[in-house]
> 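The structure that follows is given in the form of structure tokens.
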Amino acid sequence: MRQAWQAWAGAAAALVLAAAGCGSSPSGAAGGAAAGAQSPSQSTRARPSGSAATSAASAHGWSKDRLLSAIAKHPGTTHTAKAGSLNGLVGAVFTHDSGGDHFCTASVVDSAGQNLIITAAHCVYDPVTGQGSDLVFVPGYRNGETPNGVWPIVSITVDQSWKDNGNPDLDVAFAIVQPQNGLQVQQVLGANTLGVNLGYQLPVRVTGYPSSGDVPITCSNNTTQQSPTQLRIDCPDYTGGTSGSPWITALDPKTRSGTVVGVIGGYQQGGDTPDTSYTSYFGDQVQALYARATG
């Protein structure tokens, strides 16, 4: 399993974060999801299944057939994510500020409060040492630049089963970030919609930040069923740091958003090789977690 190290601010010892996710890092980028390390919380929100998922994708202007066609040309190919609004909802997670090392990935998810992000539970809550503190979300981070601001995390919601024993089926966390200059993060950047109970075979795009580099990577492929409670994707170069990377389907370039159906985490805290990543399946329990986070 891939691992990333993070020192919790105010804590006496460093917290080991396992880097979970797909594959090895391009250009030597080491940043997959934190896998196999002790780490934080989980959660999500629901959406239609079956044919409803296809119609939802079509409504967003990026149909399932269109995304499948794009994947067919370059399946499972990882490359540097371009700067700009399409990837602006995804960011790196740091301790204190962007001056240190980023150790996980998160993204903005739609909420009534317009202040919510989603990541892997193991990124923000360790079942042994508890919740991480003094964490910040830096969307669009690239080569030390913070074009979309630095957003302090002020509260975290994870499932009780994650708190108690690190349940890999609920390796999902929702977090509220503090407003900046009087604006909430969703007001500034927009947000992906949470997708729940959409099935196991979906065309998705996964974007995240390997901890060994300062630019995000991205890969598109079809998901498959690892188990009734886990999805899998084959994408190379997702090493330590990519834990929490969103799995997006029904992506609409016009609205700069899509539907998030997973985050790198879950089984093996995201994966113990750089070429295959996992996510906890987003079902009713993730929907309930989302309701708690937004209630």
Side-chain angles (χ1 to χ4, degrees), residues 1-21 32-45 91-96 100-107 109 111 115-137 151-178 194 208-209 211 229-230 240-246 260 262-270 278-280 282 285-295:
M1 55 181 86
R2 287 146 295 171
Q3 293 183 336
W5 293 88
Q6 177 216 1
W8 297 117
L15 172 64
V16 177
L17 294 171
Q38 303 174 0
S39 250
S41 132
Q42 58 208 151
S43 121
T44 8
R45 160 183 162 193
V93 179
F94 293 78
T95 299
H96 186 56
D101 296 326
H102 50 92
F103 60 91
C104 270
T105 301
S107 60
V109 64
S111 68
N115 56 2
L116 198 66
I117 62 174
I118 185 171
T119 187
H122 70 259
C123 287
V124 293
Y125 194 104
D126 186 290
V128 175
T129 61
Q131 182 171 304
S133 61
D134 199 18
L135 306 181
V136 297
F137 170 60
W151 302 78
I153 293 175
V154 295
S155 70
I156 292 167
T157 301
V158 298
D159 190 77
Q160 189 62 45
S161 67
W162 176 266
K163 290 182 178 181
D164 293 341
N165 54 31
N167 178 9
D169 294 335
L170 282 169
D171 189 3
V172 183
F174 291 102
I176 291 175
V177 295
Q178 182 177 303
L194 184 64
Y209 284 83
S211 58
T229 56
Q230 301 282 329
T242 60
S243 285
S245 298
V260 56
V263 294
I264 291 181
Y267 179 61
Q268 298 173 342
Q269 290 197 357
Y278 304 94
T279 177
S280 305
F282 281 16
Q285 289 177 296
V286 169
Q287 173 65 47
L289 187 61
Y290 173 87
R292 280 180 48 206
T294 56

> So which atom in Ser280 and which in Gly266 form the shortest heavy-atom distance, rounded to 0.1 Å?
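Closest approach of Ser280 to Gly266, heavy atoms only: OG-CA, 3.6 Å.
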> Are any of the side-chain heavy atoms of Ile118 and Tyr290 separated by less than 4.5 Å?
no
> If you measure from OG1 on Thr119 to CD1 on Ile153, what distance do you get to the nearest 0.5 Å?
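One gets 7.5 Å once the value is rounded to the nearest 0.5 Å.
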> If every non-hydrogen atom of Val263 is compared with every non-hydrogen atom of Phe282, which pair is closest and at what distance?
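So the minimum-distance heavy-atom pair works out to N-CZ, 3.9 Å.
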> Rounded at 0.5 Å granularity, tell me how far CG in Asn167 sits from CD in Gln285.
7.5 Å
> Testing the basics here: between Ser111 and Asn115, what is the closest heavy-atom pair and its distance to 0.1 Å?
OG-N, 3.5 Å
> As an exercise, state the distance from CG of Asp171 to OH of Tyr278, rounded to the nearest 0.5 Å.
14.0 Å
> Check for a donor-acceptor pair, side chain of Gln230 on one end and backbone N or O of Pro168 on the other, with a separation under 3.5 Å.
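Yes, the answer is positive, given that a donor and an acceptor are paired below the 3.5 Å cut-off.
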> Indicate yes or no: at least one non-hydrogen side-chain atom of Ile264 is less than 4.5 angstrom from one of Thr105.
no
> Quick one: does Val154's side chain get under 4.5 Å of Val177's, heavy atoms only?
no
> Closest heavy-atom contact between Thr95 and Ser133?
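Here Thr95 and Ser133 meet closest at CG2-O, 4.4 Å.
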> Nearest 0.5 Å, please: how far is CZ in Phe94 from CG in Asp101?
8.0 Å
> So, for Gly244 and Cys123, which heavy atoms are closest and what is the spacing to 0.1 Å?
N-SG, 4.4 Å
> Kindly give the heavy-atom pair with the smallest separation between Ile156 and Ala175, and that separation in Å.
CG1-CB, 4.2 Å
> Counting C-beta onward and ignoring hydrogens, is there a side-chain heavy-atom pair between Ile176 and Leu116 closer than 4.5 Å?
yes
